[in-house]
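So that the names make sense, note that chain A is the first sequence line, chain B the second, and so on, each numbered from 1.
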Amino acid sequence: MSQKPAIPKGTRDFLPNDVLKRKLIFSTISDAFHRFGYQPIETPSFELSTTLMGKYGDEGDRLIFRILNSGEKVRKADLEALASDNLPRFANSLSEKALRYDLTVPFARFVVQHQNELSFPFKRYQIQPVWRADRPQHGRYQEFYQCDGDVVGSDSLRNEVELIQVIDQVLSTLNLPGFTIKLNNRKVLSGIAEVCNASDQLIQLTVALDKLDKIGEDGVINELMDKGFDSSLVDSIKPLFQLKGSFEERISFLSTFLSQSEIGMKGLEELGYIHSKFKDNPLKKGQLELDVTLARGLNYYTGAIIEVKAHEVEMGSICGGGRYDDLTGLFGVKGLSGVGISFGADRIYDIMETLGLFPADLSSGPDVLFLNFSEEEADQCAIWANAVRDLGKIAEVYPSQAKLQKQLKYANDKGVKWVLFYGEEERQKGMVILKQMESGEQYAYSASAWLSSWEG
RNA sequence: GAGGUUGUAGCUCAGCUGGUUAGAGCGUCGGAUUGUGGUUCCGAAGGCCGCGGGUUCGAACCCCGUCUUCCUCCCCA
């Protein structure tokens, strides 16, 4: 009985063409990091549950894929916890390992564990899959790649500037027609909450603000009202909805708005510093925008918040990041500040596919296919094939003496550029025939010299 | 986790109010063509109609459950 082939929800197979396109994105990202002096690392697919649990909030914990203990270990199951309906504790007793949920927490663990082998500031990049037990949706999967770059052990805002340059480099190289790099600062958000007398409700306030472009002004106001903010607060926040103009204009507006908040002014100063560094050293294609509604990842970001949106396509952010003071505090090393970004390779892929940005020759087939007429002639073709490969071209010999029709169809389907005929007829004449698949034209060469005169 | 939606051939989809043996296009394979592909013509293979239960003389179609698809929340890349 054969079973119906299927893969788990939220996962994908990648066909040869898909892989080539994905590799282009990955290599563009790693090249960019590499050129800025970042070093590659890798961490295991799964970590100890204790490393991951509790780091992403209750929502996050729910979305972590856990690995069931195997063998005798299942005996450790805490049946008392089950009986008393303590499901989290019961789950913990069944599972000691979990698939990584992102690359940041494993990186923090990595830095602490290898602190004596690293020299700081440590700049690393990492391109590996992560897993989330999320409900799949457009552009959202249960297994997807993250491409992270972080600097740990340096407070300098020059790191933020550099990471923005990396983003610009990557997305410009991939030929995205345009993209906006949105900047905000956690301190500005704290300042806003402070001047609105809502410091204790910072998270609810910013989560609502974050939805401005999605649900509009009225939507944000309704949400704030629903959450019990009083109307005087809502009124005091309204001016922010009108924030328009250039980066400088927005800063000058905010410096009035936040003038009573020390922390808010500090955040503005940081934003201004970062922005000023691009005056004489401009970005290639990226446009910087100050967006006070940006609030992603609020749980651990403490300074800069970065998010990138592609133009011309309706799609969530394709890159995000920010600064988190005390990245490694959870693992026992205090005072190491980190700042990092994460590219969403899958979304970049979707955008490039939608806009037709992948180069056409990416998936071009082998340069030459040697048709197989007989064992003896195929042996000669195999020798030639190696010579072609030594020229840096792709060559293959058809593995069996199938009908020519089948061999040519194979060449056609695979996008082979040239096909070489060397059968009994050609061998006796000391010739080869080269056929250009696209045009169908055929050329005869002498068997001893075809390779040097072939321009394929 | 909440709400909605989808599931029929490898793919995209028809299938009437419940009524014989479930269809088409594309793709695949074979032939026309024993040494020439992409076009054309002919032919063939390929279906527990998502899965399990129920209603009925009778179910792809109605009901329940379950899984799955896509979407909106939540959250996020």
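More than 12 heavy-atom neighbours from other residues, nucleotides or ligands sit within 6.0 angstrom of CZ on Arg12(A). By the 6.0 Å contact criterion, CD on Glu42(A) is open, its count of non-hydrogen atoms from other residues, nucleotides or ligands being 12 or less. The environment of NE2 in His114(A) is crowded: more than 12 heavy-atom neighbours from other residues, nucleotides or ligands sit within 6.0 Å.
Taking the centre and axis of the six-membered ring of Tyr101(A), the NZ or CZ atom of Arg132(A) falls inside the cone set by 45° and 6.0 Å.
The separation between Tyr410(A) atom OH and C29(B) atom P is 13 Å, rounded to whole Å. Put simply, CG on Asp134(A) is 14 Å from C1' on C71(B), counting in whole angstrom units. Rounded to whole Å, atom P of U66(B) lies 13 Å from atom NZ of Lys9(A). One atom, CD1 of Ile64(A), and another, C1' of C76(B), lie 14 Å apart when rounded to the nearest Å. Distance Glu223(A) CD to C73(B) P: 11 Å, rounded to the nearest Å. Atom NZ in Lys406(A) sits about 17 Å away from atom C1' in U34(B), given to the nearest Å.
One P atom belongs to C29(B), the other to U39(B), and the distance between them is 13 Å to the nearest Å. Nucleotides A2(B) and C74(B) are separated by 8 Å at their C1' atoms, to the nearest Å. Across C51(B) and U68(B), the matching C1' atoms stand 10 Å from one another, rounded to whole Å. Between C16(B) and U33(B), the two C1' atoms lie 45 Å apart (nearest whole Å). Using P as the reference atom, A44(B) and U6(B) are 36 Å apart when rounded to the nearest Å. U55(B) and C61(B) have their P atoms separated by 15 Å, with the value rounded to a whole Å. Between C11(B) and C71(B), the two C1' atoms lie 23 Å apart (nearest whole Å). Of the C1' atoms belonging to C67(B) and U12(B), the separation is 23 Å, rounded to the nearest Å.
In this structure, Gly60(A) reaches neither bases nor backbone, as no heavy-atom distance under 4.0 Å exists between it and the strands shown. Residue-level contact check: Tyr145(A) touches neither bases nor backbone, having no heavy atom under 4.0 Å from any strand. Heavy atoms of Gln407(A) sit nowhere under 4.0 angstrom from any nucleic acid atom. Residue contacts shown for Phe421(A) include a base, since a base heavy atom lies under 4.0 Å away.
Among the nucleotides U36(B), G37(B), C73(B), the one closest to any side-chain atom of Gln137(A) is C73(B). The side chain of Arg135(A) approaches C71(B) more closely than any other nucleotide in the set U69(B), G35(B), C71(B). Checking A2(B), C76(B), G37(B) against the side-chain heavy atoms of Arg347(A) singles out C76(B) as nearest. Comparing atom distances between the Lys211(A) side chain and each of C74(B), G31(B), U72(B) picks out C74(B) as nearest.
Scanning atom types as modelled, one donor and one acceptor separated by under 3.5 angstrom connect the side chain of Glu426(A) and the base of G35(B). Residue side chain Lys435(A) reaches the base of U36(B) through a donor-acceptor N/O pair under 3.5 Å, judged by distance alone. For U36(B), the base has a donor-acceptor partner in the side chain of Gln442(A) [N/O atoms by modelled type, under 3.5 angstrom]. One can find a donor-acceptor pair under 3.5 Å joining the base of C75(B) and the side-chain atoms of Arg140(A).
Ser337(A) places no side-chain N or O within 3.5 Å of a backbone atom of Asp326(A) that could act as its donor or acceptor partner. Checking side-chain atoms of Glu270(A) against main-chain N and O of Leu157(A) turns up no donor-acceptor pair under 3.5 Å. Side-chain N or O atoms of Arg389(A) include one that pairs as donor or acceptor with a backbone N or O of Ala395(A) at under 3.5 Å.
Taking side-chain N and O atoms only, Lys409(A) has a distance below 4.0 Å to OP1 or OP2 of U28(B).
Side-chain polar atoms of Arg124(A) and Gln126(A) form a donor-acceptor pair below 3.5 angstrom. Using a 3.5 Å distance cut-off with no hydrogens or angles, the side chains of Lys9(A) and Gln142(A) do not pair a donor with an acceptor.
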* Structure fact -> Symbol by symbol from the 5' end, with Watson-Crick or G-U pairs under 3.5 Å, [ ] crossing and | another strand, RNA chain B is ((((..(..((((.....[...)))).(((((.......))))).....(((((..]....))))))..))))....
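Lacking a ring centre under 5.5 Å from that of the base six-membered ring together with a plane angle below 30°, Phe373(A) does not count as stacked on G35(B).
Each of Pro136(A) and Asp346(A) has a nearest nucleotide on RNA chain B; the 5'-most of these lies closest to Pro136(A).
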